[in-house]
There are 2 protein chains.
Amino acid sequence: MVTERPERDQADADVTRVDSLAREIFAGVANKWALLLVNVLADRTLRFTELQREVGGISHKMLSQTLRHLERDGLVDRTVHPEVPPRVEYRLTEAGEALRATVNGMCAWTRAHLDHIEEARRRFDATRD
Amino acid sequence: MVTERPERDQADADVTRVDSLAREIFAGVANKWALLLVNVLADRTLRFTELQREVGGISHKMLSQTLRHLERDGLVDRTVHPEVPPRVEYRLTEAGEALRATVNGMCAWTRAHLDHIEEARRRFDATRD
DNA sequence: CTGGATCCCTGTGGATACTG
DNA sequence: CAGTATCCACAGGGATCCAG
């Protein structure tokens, strides 16, 4: 784990900076559905309906919307098979897989701190009655 | 439990699963402002106003709201100095720093793929006259 | 300076129906 | 099956004012 303290490099600022392209892309990717989709697509190919089932709780609309966004940014490849009934398959691109690595980190983090967070919430809420 | 795909490790499913605590926490953390705040607090202590300046574009309300959320989940420590005028300092806890590591990954990813994404968007938009 | 409370508007996102 | 389109409710989030 990276605990050492580099003088804050310019790189961070680039992403944090308002109105920059980096900031816009970061914001676009830093949302629940996008991250869950990327996570669920871990090096496998899934169809529209399968995705909806895998990512529980996502609406039809949000799925198609988020997928188009990911596709536009080149994180997801969309392959249409000219059949009847139609079959469309989604899979992560190189860039998508790279992002998934860090998303995986967030999932691991969530799991690892579940108890800690639950406890923290209890303490916090206790001091507010 | 629940996953009809044994080959995918259970760990991922835990976070993806709807209605689970993990999912709720993941969703809470997977948002623009929370991640930007965690990122900007990289092992240093900042005050309310400083935070607002560092994270450009965040409103007063969202800052205080997100900070309270992070504090409740035990990701941020809030220290009030009994002075006049009041001084309140925020810094990441252990858990917060751990999360920041992965957020850092997302920032790095964003920077690394800026050109790739810009290009992908151009191509995508081109096919949508 | 810190931050709560309010007003208010826009965008997000759900449900449903309709095409290919 | 794979979407797109429409309607609509509600919450996210900005601006402002107030208080400790």
Side-chain angles (χ1 to χ4, degrees), chain A residues 18-19 23-24 26-37 40-41 44-73 76-91 124-125 127-129, chain B residues 18-19 23-37 40-41 44-73 75-91 124-125 127-129:
Chain A
V18 200
D19 284 343
R23 172 67 164 265
E24 192 265 333
F26 182 86
V29 148
N31 84 62
K32 188 180 160 186
W33 295 132
L35 292 184
L36 284 175
L37 275 180
V40 115
L41 271 173
R44 52 175 178 170
T45 298
L46 291 177
R47 306 175 54 173
F48 191 86
T49 314
E50 293 170 338
L51 276 169
Q52 184 163 30
R53 182 162 30 79
E54 292 287 325
V55 178
I58 190 172
S59 72
H60 194 99
K61 180 182 175 182
M62 283 316 293
L63 178 57
S64 109
Q65 194 170 299
T66 309
L67 277 176
R68 246 183 304 118
H69 187 221
L70 292 178
E71 185 197 353
R72 183 171 113 97
D73 281 5
V76 160
D77 255 348
R78 180 170 174 275
T79 326
V80 182
H81 295 80
E83 310 172 357
V84 174
R87 190 166 102 248
V88 181
E89 301 197 311
Y90 295 90
R91 75 170 311 154
F124 184 88
D125 295 342
T127 68
R128 305 241 159 171
D129 46 323
Chain B
V18 198
D19 285 343
R23 173 66 165 266
E24 192 265 332
I25 289 177
F26 181 87
V29 148
N31 85 60
K32 189 179 158 186
W33 295 132
L35 292 184
L36 284 176
L37 276 180
V40 115
L41 270 173
R44 54 175 176 169
T45 298
L46 290 178
R47 306 177 55 175
F48 191 86
T49 315
E50 292 169 339
L51 276 169
Q52 185 162 30
R53 183 163 28 80
E54 292 287 324
V55 178
I58 190 172
S59 73
H60 191 99
K61 179 182 176 182
M62 284 315 294
L63 179 57
S64 109
Q65 194 170 299
T66 309
L67 277 175
R68 245 185 305 120
H69 187 223
L70 292 177
E71 185 196 353
R72 183 172 112 97
D73 281 6
L75 303 194
V76 161
D77 256 348
R78 179 170 173 274
T79 327
V80 182
H81 294 81
E83 310 172 354
V84 173
R87 188 167 103 247
V88 182
E89 300 196 311
Y90 296 90
R91 74 169 310 153
F124 184 88
D125 294 343
T127 68
R128 305 245 160 168
D129 46 278

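Below, read A as the first sequence line, B as the second, and so on, with proteins coming before strands; counting in each chain starts at 1.
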Original post:
Taking protein heavy atoms under 4.0 Å as touching, what does nucleotides 6-14 of chain C look like 5' to 3' if B marks base contact, S marks sugar-phosphate-only contact and - marks none?
Top reply: -------BB

Subject >> Rounded distance (Å) that lies between atom P of dG3(C) and atom CG of Leu46(B) >> reply: 13 Å

Original post:
Does Ala30(A) have any side-chain contact (heavy atoms from CB on, under 4.5 Å) partners at least two apart in sequence or in another chain, and if so, which?
Top reply: Phe26(A), Leu35(B), Met106(B)

**OP:** Just jot down the side-chain contact (heavy atoms from CB on, under 4.5 Å) partners of Val84(B), sequence neighbours excluded, or say none.
**Re:** none

**OP:** Please name all residues satisfying side-chain hydrogen bond (donor to acceptor under 3.5 Å, both in side chains) with Arg53(B), sequence neighbours left out, ordered by chain then number.
**Re:** none

Subject >> For Arg47(B), side-chain hydrogen bond (donor to acceptor under 3.5 Å, both in side chains) partners two or more places apart >> reply: none

Distance-only criterion, 3.5 Å: show the donor-acceptor pairs between side-chain atoms of residues 61-71 of chain A and protein atoms not counting sequence neighbours.
| unit_1 | atom_1 | unit_2 | atom_2 | d |
| --- | --- | --- | --- | --- |
| Thr66(A) | OG1 | Met62(A) | O | 2.6 |

**OP:** With a 4.0 angstrom cut-off to heavy atoms of chain A, pull out the first and last contacting nucleotide of DNA chain D, in 5'-to-3' order.
**Re:** dC1(D) to dT4(D)

Original post:
At what distance, to the nearest 0.5 angstrom, does NE2 of His60(A) lie from CZ of Phe48(A)?
Top reply: 4.0 Å

**OP:** For Arg72(B) and dG3(C), give me the distance from atom CZ to atom P, rounded to whole Å.
**Re:** 18 Å

Subject >> Non-neighbouring partners of Thr45(B) that pass side-chain hydrogen bond (donor to acceptor under 3.5 Å, both in side chains), sequence neighbours left out >> reply: Arg91(B)

Subject >> Pairs involving residues 80-89 of chain A, ordered by first then second residue, that meet salt bridge (Lys or Arg N to Asp or Glu O under 4.0 Å) (sequence neighbours left out) >> reply: Glu83(A)-Arg87(A), Arg87(A)-Glu89(A)

